[in-house]
Enquirer: 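What follows is a single structure, and I will ask about it in a moment.
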Amino acid sequence: MILKKATAVLLVVLLAIALVATIVLFRTISFQYEMPDVESVHFEDIPLDDAVARLSDAIRFQTVSTLDNRERYLPEFDAFMDFVRESYPLIHENLNLKIVNGYTLLYKWEGSRPGLPAAMMQGHYDVVPVEPGTHDDWTHPPFKGVVSDGFVWGRGAIDDKSGIFSYLEAVNYLLERGFEPERTVYLALNHDEEVGGRQGARKVADYLLEKDIEIAFLVDEGMPVAEKIMEGLEHPIAMIGVAEKGYLSIELEVTKEGGHSSMPPRETTIGALSEAITNLKKQPMQGRIPGLLRDTFEPLMPDLPFRYRMALSNLWLFGGAIEERLGYIPHTNAALRTTIAPTIFHAGIKENVLPQTATATINFRIHPNNNIREVLYYVQNTIDNELIDVRVLNGAREPSPVTTTSSEAYQLMKHTIHEVFPEIPVAPAMFLAATDARHFTEVSDYLLRFRPIRARPDDRGRIHGTDERISVENYGEMISFHIRFIENTTSGLSATGSPAAQTAMP
Ligand SMILES: [Zn+2]
């Protein structure tokens, strides 16, 4: 009798397992991502040698952004602006140039239908300095613009001179062929992105708001066409940055009676602060895959190893496990949740004296799922110690809104990527660093952060690092992409290629 009952229970359990396994397998196998059927577009007649020569020349200007000692580099900024004027006479004949705040170049290419909200494309020509002592590590000097082995080498080759010069080449190409945009296009070449953009991009945004200029969408630097973004994944993916994280630094301070270290009390200032930081580390803010991160993975699914595909198609079962796994890898963790980084710790002056005050600074990068108020609430709850004062430091900002992938602006960019980079899937993603786009959240709801730069894993260290370079072939692709993007966005074509000239977008 007992045996019969046990057999029945076992049978039910086995059936349940079989059912779950069937659902998991079915969902894994039935998941399909279809590459859209788009005709590829080539521009055979781009004068690539001339374009490369201009980019190489542009790299020679040491347009370095630093917070201190800014005056030292200003003559380079002036010379750079002259160089742009001399290099593209046709652009300067046909587009209106406004110098914003002394150094940012804002071009207006007037469309034939002024009623349409304008398209805006921006980037920056300032660069970060070369770290002292690393000049000799470069294969070619950082400010020579050497073209060698199929690459243009130097500071700014990726970030972001290739970006803005590919805009200029694209506009020049179109002007030479008599192209007239229907939609007005603004091009902004900003001058202080690397130190926060308050003098350049912010002033451009203020100008557009003040003049009530309607901007349909804005394109800025951002995510690349990334290769090998995770183990087992050979296929490149083009990612469009649709959101940016927020920023918050807080200072924690504990004040207590000091005294001699021979008879320490149970709780000391350093002890209390260390415990607070340990608690924050042990209980990070909740991360979630469903939403943007899941959308980023989606086009990659067919190429992922089976175990990942199975887990991602069955988040109802494996969500927790995969969130934990992604939490261990710094860049996936940063995409998953609001991150917490203790960055400064001050306490104590002498080895046998208990410090009366201890302070720590903690930097948060806020996921669009959270906001500043939630982070502060989480900090108070997790620390749960009345002795600790929490102070918000200057410079806090909320995460950006998320640009919806159903918007026409996003769809147009995606369509253009498919035309110029056939076979490469496109996904929305979160941009983990900061761009000038963050100054434009009041100007437009549709901010797209994308550069058609092919980035391999080892390129990550070149941005702001040593041996920054862009391949000549890829630079040609960047120019092609921007020619096609301007054609698509300004000639009244909708994302699907069908005429939609009557509708204002997005
Ligand atoms: Zn940049």
Side-chain angles (χ1 to χ4, degrees), residues 55 58-59 61-67 70 73 76-77 80-81 84 100-101 103-106 120-131 142-143 145 152-169 187-205 218-226 238-245 247 331 334 365 397 400 413 429-441 447-456 459-471 474-475 478 481-482:
L55 175 62
I59 289 171
F61 296 91
Q62 297 194 31
T63 48
V64 174
S65 260
T66 53
L67 282 171
R70 192 160 173 78
Y73 294 105
E76 297 279 328
F77 283 70
F80 176 87
M81 292 198 295
V84 173
V100 177
N101 204 16
Y103 294 96
T104 280
L105 300 113
L106 178 65
M120 177 149 180
M121 299 162 76
Q122 74 170 358
H124 63 95
Y125 71 90
D126 63 321
V127 295
V128 293
V130 172
E131 208 179 311
F143 292 106
V152 185
W153 301 73
R155 176 61 83 232
I158 299 177
D159 181 16
D160 176 39
K161 282 178 174 166
S162 57
I164 55 170
F165 275 78
S166 63
Y167 291 165
L168 293 167
E169 293 295 337
L187 288 184
L189 315 187
N190 302 331
H191 75 277
D192 72 333
E193 191 275 344
E194 298 292 3
V195 289
R198 277 175 283 278
Q199 302 305 317
R202 182 66 254 170
K203 303 285 187 216
V204 172
L218 174 129
V219 178
D220 201 348
E221 64 174 347
M223 309 291 286
V225 178
M239 290 183 283
I240 302 177
V242 291
E244 238 172 85
K245 292 181 98 176
Y247 188 100
H331 67 272
R365 299 300 173 103
R397 64 167 186 274
S400 75
M413 180 167 263
M430 181 152 57
F431 190 59
L432 297 175
T435 70
D436 267 347
R438 68 175 182 272
H439 297 292
F440 289 79
T441 49
L447 311 177
L448 303 167
R449 304 158 187 86
F450 174 68
R451 284 285 181 257
I453 291 177
R454 291 183 183 266
R456 291 167 193 89
D459 289 328
R460 221 175 277 159
R462 298 178 194 273
I463 302 167
H464 292 197
T466 298
D467 271 352
E468 191 175 341
R469 64 180 192 186
I470 183 96
S471 85
N474 190 189
Y475 189 50
M478 292 178 77
F481 175 83
H482 287 122

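Below, each value reflects all heavy atoms present in this structure, side chains not excepted, and no hydrogens, waters or symmetry copies. All ligand and atom numbering here is 1-based and tracks the order in the structure.
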Enquirer: Does any part of the side chain of V127, heavy atoms only, come nearer than 4.5 Å to the side chain of F143, both counted from C-beta?
Expert: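 They are in contact (side-chain heavy atoms under 4.5 Å apart), so the answer is yes.
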Enquirer: Is there a side-chain contact between L432 and K245, using heavy atoms and a 4.5 Å cut-off?
Expert: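 Yes; the side chains approach each other to less than 4.5 Å.
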Enquirer: Ignoring waters, how many protein N/O/S atoms are under 2.8 Å from the Zn ion (ligand 1)?
Expert: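 Excluding waters, the total comes to 4.
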Enquirer: For Y475, what residues pass the ring pair (Phe, Tyr, Trp, His ring centres under 6.0 Å) criterion, not counting sequence neighbours?
Expert: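 Applying ring pair (Phe, Tyr, Trp, His ring centres under 6.0 Å) to Y475 gives none.
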Enquirer: Are F165 and Y125 an aromatic pair by the rule of ring centers under 6.0 Å?
Expert: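 No, the ring centres sit 6.0 Å or more apart.
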Enquirer: Once side chain to side chain contact (heavy atoms under 4.5 Å, CB included) is applied, do any residues pair with M223, and if so which ones, sequence neighbours excluded?
Expert: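 Once residues adjacent in sequence are excluded, the partners of M223 under the side chain to side chain contact (heavy atoms under 4.5 Å, CB included) criterion are M239, A429, F431.
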Enquirer: Would you please name every residue forming a side chain to side chain contact (heavy atoms under 4.5 Å, CB included) with D467, sequence neighbours left out?
Expert: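 If we apply the side chain to side chain contact (heavy atoms under 4.5 Å, CB included) test to D467, skipping adjacent residues, the hits are W138, T139, W153, R462.
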